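Have a look at the structure below before the remarks.
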2 protein chains.
Amino acid sequence: MEMTASSAVEALGALAQDHRLTLFRLLVQAGAQGMSAGAVAQQLGVPNSSLSFHLSHLTRAGLIRQRREGRSLIYTADYHAMNALVAYLLENCCGGAACDSDFPVNNHASRSEGKDC
Amino acid sequence: MEMTASSAVEALGALAQDHRLTLFRLLVQAGAQGMSAGAVAQQLGVPNSSLSFHLSHLTRAGLIRQRREGRSLIYTADYHAMNALVAYLLENCCGGAACDSDFPVNNHASRSEGKDC
DNA sequence: CCGTCATTTCCATACCAATGGAACTATTCG
DNA sequence: CGAATAGTTCCATTGGTATGGAAATGACGG
């Protein structure tokens, strides 16, 4: 769950693309069961090779997982990774304060563990 | 607070770079008072022209704001935008369930407003 | 006005990301 | 084994991103 600035950059970069964000959301919806690469390609209307590129991008960033099932490769969203990313953003990019407050305090080492967002 | 997939991609892309993520975190720490472009450049050790590029990138994505003060341009983090981004991620990329749960339900229109993350 | 201070815009360069067809690899089934 | 199915890797092309020096813009003080 530890997240460094550079792994956050990697995860953000992996999600910062239309096809990949859609793809990730699709996998989130699919849940633990996941989806085969082919099913995803069909949903997105993207050629196989391009999709494979995006899948490996998300995998490299640790946001999705792969498992083989018969001749299909099944992909699932890694909720822990996503959770870690969101936690990182809340702690480092929202001033550690609740997101809803207009202007959080000017802190730099708060351990306030933002609870309500 | 409305956030579309494409504005989310833009915001994610703006944060998905070492200098820009550091810069944004710096502005978050600075709070409402903000920081001048020059002060940021010095902190980051980045030449003025490069910094300006990153500042305008973040501005375009709506994550930071600019105001003039004397001959300095002061930048501040836009917490509402950040809040909207995190909310988007929670609702669309965590299955709408609390982030801490291992595998959220397979929903697609939940209004569950994740409370505890 | 004129200098100077703060910052941006312009520009060229280098690099990295996205795309899709074709060839390759892995797995199952007859 | 050999054909068919599911995906990936390879490769060339295209376009966008990051960088930093130099020139331009805007604001203030004398």
Side-chain angles (χ1 to χ4, degrees), chain A residues 5-27 30 33-78, chain B residues 5-27 30 33-78:
Chain A
S6 87
S7 63
V9 165
E10 201 171 22
L12 289 165
L15 294 172
Q17 210 271 355
D18 280 355
H19 287 323
R20 285 196 296 271
L21 185 58
T22 307
L23 161 42
F24 187 78
R25 291 175 62 188
L26 220 58
L27 292 184
Q33 167 188 336
M35 283 178 82
S36 71
V40 173
Q42 196 171 3
Q43 281 277 327
L44 295 192
V46 165
N48 269 341
S49 61
S50 296
L51 178 78
S52 202
F53 167 76
H54 292 304
L55 284 169
S56 72
H57 201 315
L58 283 165
T59 303
R60 205 183 326 133
L63 287 166
I64 65 176
R65 265 160 213 299
Q66 187 193 56
R67 72 172 191 272
R68 184 171 279 279
E69 205 158 281
R71 40 187 138 182
S72 294
L73 289 173
I74 308 288
Y75 288 89
T76 50
D78 184 326
Chain B
S6 86
S7 63
V9 166
E10 201 171 22
L12 289 165
L15 293 172
Q17 209 271 355
D18 281 354
H19 287 323
R20 284 197 297 270
L21 185 58
T22 306
L23 162 44
F24 186 79
R25 292 174 61 187
L26 219 58
L27 292 183
Q33 167 189 336
M35 282 178 83
S36 71
V40 174
Q42 196 170 5
Q43 280 277 328
L44 293 193
V46 165
N48 270 339
S49 60
S50 296
L51 180 78
S52 202
F53 168 76
H54 292 304
L55 284 169
S56 73
H57 201 315
L58 283 164
T59 302
R60 204 184 325 133
L63 287 167
I64 65 177
R65 265 161 214 297
Q66 187 193 55
R67 73 172 190 270
R68 182 170 280 280
E69 203 158 281
R71 40 187 138 183
S72 294
L73 288 172
I74 308 289
Y75 288 90
T76 50
D78 184 325

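Each chain gets a letter, A, B and so on, in the order the sequences are listed, and its residues count up from 1. Remember, predicted model here, so these are calculated numbers, not experimental data.
- Residue S72(B) is classed as a sugar-phosphate contact, given heavy-atom separations below 4.0 Å to backbone atoms only.
- When the C1' atom of dG15(D) is taken as reference, atom NE2 of H19(A) falls 14 Å away, rounded to whole Å.
- The separation between D18(B) atom CG and dC16(C) atom P is 13 Å, rounded to whole Å.
- Atom-to-atom, CG of L44(A) to P of dT19(C) comes out at 11 Å; the value is rounded to the nearest Å.
- Here the side chain of Q66(A) is nearest to one of dT8(D), dA27(D), dA18(D), namely dT8(D).
- Between the S50(A) side chain and the V46(A) main chain, no donor and acceptor come within less than 3.5 Å of each other.
- Residue S49(B) places none of its side-chain N or O atoms closer than 4.0 Å to OP1 or OP2 of dA22(D).
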Is there a side chain to side chain contact (heavy atoms under 4.5 Å, CB included) between R68(B) and I74(B)? Walk through the geometry before answering. CA-CA 6 Å; R68(B) 182 170 280 280; I74(B) 308 289; over 6 Å; no
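- For R68(A), taking side-chain heavy atoms from C-beta onward, the closest of the listed nucleotides dG20(D), dA18(D), dA26(C) is dA26(C).
- What separates CZ of R71(B) from P of dA27(D) is a distance of 12 Å, to the nearest Å.
- A 4.5 Å side-chain heavy-atom check between M35(A) and L26(A) finds at least one atom pair inside the cut-off.
- With a 4.5 Å cut-off on side-chain heavy atoms, R67(A) and E69(A) count as touching.
- Annotation: side chain of L51(A) is in contact with side chain of L23(A) (closest heavy-atom distance under 4.5 Å).
- The side chain of A37(A) approaches dG7(D) more closely than any other nucleotide in the set dT8(C), dG7(D), dT5(D).
- At distances below 3.5 Å, not a single donor-acceptor pair connects side-chain atoms of S52(B) with backbone N or O atoms of N48(B).
- For the pair E10(B) CD and dT17(D) C1', the interatomic distance rounds to 14 Å; values are reported in whole Å.
- The shortest distance between the side-chain N/O atoms of Y75(B) and the OP1/OP2 oxygens of dA6(C) is not below 4.0 Å.
- Remark on the helix from dC1(C)-dG30(D) to dG30(C)-dC1(D): inter-end axis angle 20°, axes from five-pair C1' superpositions, rounded to 10°.
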Evaluation steps, side chain to side chain contact (heavy atoms under 4.5 Å, CB included), between R25(B) and L21(B): CA-CA 6 Å; R25(B) 292 174 61 187; L21(B) 185 58; 4.3 Å; yes
Assess the residue pair R20(B) and L15(B) against the criterion (side chain to side chain contact (heavy atoms under 4.5 Å, CB included)); give the C-alpha distance rounded to whole Å, side-chain angles, the decisive distance to 0.1 Å, and a yes or no. CA-CA 6 Å; R20(B) 284 197 297 270; L15(B) 293 172; over 6 Å; no
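- Contact annotation: the side chain of D78(A) never approaches that of I64(A) to less than 4.5 Å [non-hydrogen atoms, C-beta and beyond].
- For the segment residues 50-61 of chain A, residues with any heavy atom less than 4.0 angstrom from an atom of DNA chain C are, sorted by number, S50(A), F53(A), H54(A), H57(A).
- In terms of the side-chain hydrogen bond (donor to acceptor under 3.5 Å, both in side chains) criterion, residue partners of Q66(B) (sequence neighbours excluded) are, by chain and number, Y75(B).
- Straight-line distance from the CG atom of N48(B) to the C1' atom of dC10(C): 15 Å, rounded to whole Å.
- As a whole-Å value, the separation of I64(B) CD1 from dT8(C) C1' is 14 Å.
- Between E69(B) atom CD and dT7(C) atom P the separation is 11 Å, expressed in whole Å.
- For dT19(D), the OP1/OP2 oxygens have a side-chain nitrogen or oxygen of Q17(B) closer than 4.0 Å.
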